[in-house]
Amino acid sequence: MISIAIDGPSGAGKSSLAKALAKDLGYVYVDTGAMYRSIGLYAVRAGVDPHDADAVAALLPQVKLGIRLIDGAQHIYLNGEDVSTAIRAEEIGMAASAVAAHPAVRSFLLDTQRGLAESQNILMDGRDIGTVVLPNATVKIFLTASAEARAQRRAKELAEKGQPADFATVLADIRQRDYQDSHRAVAPLKQADDAILVDTSSIGLQESFDLLKRTILAHI
Ligand code: C5P
């Protein structure tokens, strides 16, 4: 089976690119961030502080996640409810980043993530796919961009959605999430030694897509 691991910070274009590449290559796309987001959503709804490791761990036995592909798009189900849209809220991204720091949450998701790569060709994106989840992935990519470039894209996306946000606030959020993701004790965000670095700061989506596709095809 072929597995492509794409890791990198929030807003580098990972999920749009991973989704498009998986479709183009005929692989199954697995968005691991959506799994952490679903647990973050569950904690917020339960009134539990996502930073409280014990309280979040106590919720895990009540969480059942399901993943289904509908027209090639990954839908994620939290105890039977399709939460694919609800997990995209800014607040839930922060909660996801907080719950992702707890070892109990990471081990809860690890088997599911590895299991998905066993029987099919996949393209999986996240923060620790190349370092922890699939250390033997066929190709590992570390996709990044400067915090400013990522904040600019995020601010534009929010404006297009009719939720204009102050650039300085978006940039501060991105920096906070980067810090949280790269300084945690378990599975911190970092480039695997054998990952190929791709920086999209100064290239657009199409150019990034072409570059990634060429890079992947050269290695499989
Ligand atoms: O990629 P996305 O922004 O959806 O991920 C939400 C949060 O989940 C990230 O900020 C990160 O803290 C966490 N995450 C993780 N490991 C992964 C995927 C996501 O820690 N493999």
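Start at 1 and go down the list; that is how both ligands and their atoms are numbered. Below, each value reflects all heavy atoms present in this structure, side chains not excepted, and no hydrogens, waters or symmetry copies.
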Open item on the list: Among V63, I39, T32, V133, which residue satisfies the side chain to side chain contact (heavy atoms under 4.5 Å, CB included) criterion with L109?
Closed with: I39
Task: hydrophobic_cluster_shared for F142 and M124, side chain cutoff 4.5 Å - done: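 Cluster IDs for M124 and F142 differ.
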Open item on the list: For ligand 1, give me the residues whose heavy-atom distance to it is below 4.0 Å, by chain and number please.
Closed with: K14, T32, G33, Y36, R37, R88, A96, S97, A100, R106, G126, R127, D128, I129, R177, D181, R184
- [ ] Would you list the pairs meeting ring pair (Phe, Tyr, Trp, His ring centres under 6.0 Å) in which at least one residue belongs to residues 174-208, sequence neighbours left out?
- [x]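 Pairs touching residues 174-208 that pass the test: Y179-H183.
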Open item on the list: Would you say that L21 contacts Y29 through its side chain, given a criterion of any heavy-atom pair below 4.5 Å between the two side chains?
Closed with: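 When only atoms from C-beta onward are counted, Y29 and L21 do not touch, as no gap falls below 4.5 Å.
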Task: Side-chain touch V198/L212, heavy atoms, less than 4.5 angstrom - done: yes
Task: Rounded distance [0.5 Å steps], CD in Q191 versus CG in L143 - done: 11.0 Å
